[in-house]
Colleague: 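The structure that follows is given in the form of structure tokens.
Computed from a predicted model, the values in this text were never measured in an experiment. Heavy atoms only: backbone and side chains are in, while hydrogens, waters and symmetry mates are out.
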Amino acid sequence: MPDPRTELTYQSPFALLVAVVLSAQATDVSVNKATPALFASAGAPQTMLALGEAGVARFISSIGLYNAKARNVVALSRILIEQHGGEVPLNRQALQALPGVGRKTASVVLNELGVEPAIAVDTHVFRVAHRLGLSAAKTPDLVEADLMRITPKTGLTRAHHWLILHGRYTCVARKPKCGSCLVSDLCPSRELFEGA
DNA sequence: ATCCCGAGGG
DNA sequence: CCCTCTGGAT
């Protein structure tokens, strides 16, 4: 049960896809602030397309990178209509062919909709994997490969969710809360932050 | 000044 | 590989 104050909320696959696209380099809180009004006006690809770039931009102007995101959301809506019967395609290749949708966004959507377990390496997962010594890889794709290799297949979705939440609430970027961390005993980075 | 469930273009 | 897009929170 996601907390609407801190995690993305959505009521359809289309809304999920759009919300995740909007969440790039933006907090879920800021996305959740803008999306209710947006989806009230345009909850489906057809209405989103009709709203147009300027219309979408007005709803999301409080989110970072809003011009590019408005352009992508409208373009993506058009492709859903013209190529996918107005539905969100449930495979990685088609998702990543959409403007504004890269590997990370596709992974979140596929994982969230229960299509395929995946570890989406966002800024939180990347940071936590490095601090815990689970990966030293320099790119998200390589960190993902390391995590996929060391995580039991049946635990991918749960591992992904834990990494995100741990990074967001405990192993935060600036002042990680090592004192309340469940795995600090296993963490090679703890000493870096002690006393801070 | 840094960070936030990144992606696309040069 | 780098740069840009971008506002709000801390």
Colleague: To the nearest Å, give me how far apart CG (A:Asn72) and P (B:dG9) are.
Modeller: 9 Å
Colleague: Measure from the side chain of A:Asp122, starting at C-beta and using heavy atoms only, and say which of B:dA1, B:dC5, B:dC4 lies closest.
Modeller: B:dC5
Colleague: With distance as the sole test, does A:Ser30 use its side chain to make a donor-acceptor pair with the main-chain N or O of A:Thr27 at under 3.5 Å?
Modeller: yes
Colleague: Counting the atoms with a prime plus P, OP1 and OP2 as sugar-phosphate, which does A:Val31 contact under 4.0 Å by heavy atoms, base, sugar-phosphate, or nothing?
Modeller: nothing
Colleague: Starting from the 5' end of DNA chain C, give me the residue, A:Arg174 or A:Lys69, whose nearest nucleotide shows up first.
Modeller: A:Lys69
Colleague: Taking the P atom of each, how far is C:dT6 from B:dG9, in whole Å?
Modeller: 14 Å
Colleague: Nearest whole angstrom, please: distance from the C1' of B:dA7 to the CG of A:Leu22.
Modeller: 13 Å
Colleague: Quick check against the 3.5 Å criterion: does A:Lys69 have a side-chain atom that pairs as donor or acceptor with the backbone of A:Leu22?
Modeller: yes
Colleague: Check the distance between B:dC5's C1' and A:Ile63's CD1 and give it to me in whole angstrom.
Modeller: 13 Å
Colleague: Quick one: A:Ile60 CD1 to B:dC4 C1', roughly how many Å, whole number?
Modeller: 16 Å
Colleague: How many whole angstroms separate atom CD of A:Gln25 from atom C1' of B:dT2?
Modeller: 11 Å
Colleague: Do the side-chain N or O atoms of A:Thr123 get closer than 4.0 angstrom to the phosphate oxygens (OP1, OP2) of B:dC4?
Modeller: yes
Colleague: Kindly point out which of C:dA9, B:dC5, B:dC3 is positioned nearest to the side chain of A:Ala173?
Modeller: B:dC3
Colleague: Does this structure show an ion pair linking A:Glu144 with A:Arg103, if we count only N-O contacts that are shorter than 4.0 Å?
Modeller: yes
Colleague: Rounded to whole Å, how long is the line connecting atom CD1 of A:Ile164 with atom P of B:dC3?
Modeller: 17 Å
Colleague: Give every residue pair that meets the ring pair (Phe, Tyr, Trp, His ring centres under 6.0 Å) criterion with at least one member in residues 70-126 of chain A, sequence neighbours excluded.
Modeller: A:Phe126-A:His130
Colleague: Applying a 4.0 Å non-hydrogen cut-off, can you work out what A:Pro140 is touching in the nucleic acid: base, sugar-phosphate, or nothing?
Modeller: nothing
Colleague: Can you check the distance between B:dT2 and C:dC3, where both ends of the measurement are the P atom (answer in whole Å)?
Modeller: 15 Å
Colleague: Distance check, C1' atoms only: C:dC5 and B:dC4, in whole angstrom units.
Modeller: 14 Å
Colleague: Determine the interatomic distance between P on B:dC5 and the same-named atom on C:dT10; round to the nearest Å.
Modeller: 12 Å
Colleague: Between P on B:dA7 and CG on A:Leu95, what's the gap in Å once rounded to a whole number?
Modeller: 11 Å
Colleague: Once you round to the nearest 0.5 Å, how far does CD of A:Glu87 lie from OG of A:Ser12?
Modeller: 9.5 Å
Colleague: Check the surroundings of atom CZ in A:Arg58: do more than 12 heavy atoms from other residues, nucleotides or ligands lie under 6.0 Å from it?
Modeller: no
Colleague: I need the CD-C1' distance between A:Glu144 and B:dG6, as an integer number of Å.
Modeller: 14 Å
Colleague: Between A:Leu98 and A:Val108, which is nearer to the 5' end of DNA chain B once each is assigned its nearest nucleotide?
Modeller: A:Val108
Colleague: Side chain of A:Lys33 only, please: which of C:dA9, B:dC5, C:dT6 is the nearest?
Modeller: C:dA9
Colleague: Measuring from the side chain of A:Ala68 (C-beta onward, heavy atoms only), which nucleotide among B:dC3, C:dT6, B:dG6 has the closest atom?
Modeller: C:dT6
Colleague: Would you please confirm or rule out a distance under 4.0 Å between OP1 or OP2 of C:dC5 and any side-chain N or O of A:Arg71?
Modeller: no
Colleague: Would you say A:Ser30 places a side-chain N or O within less than 4.0 Å of OP1 or OP2 belonging to B:dC4?
Modeller: no
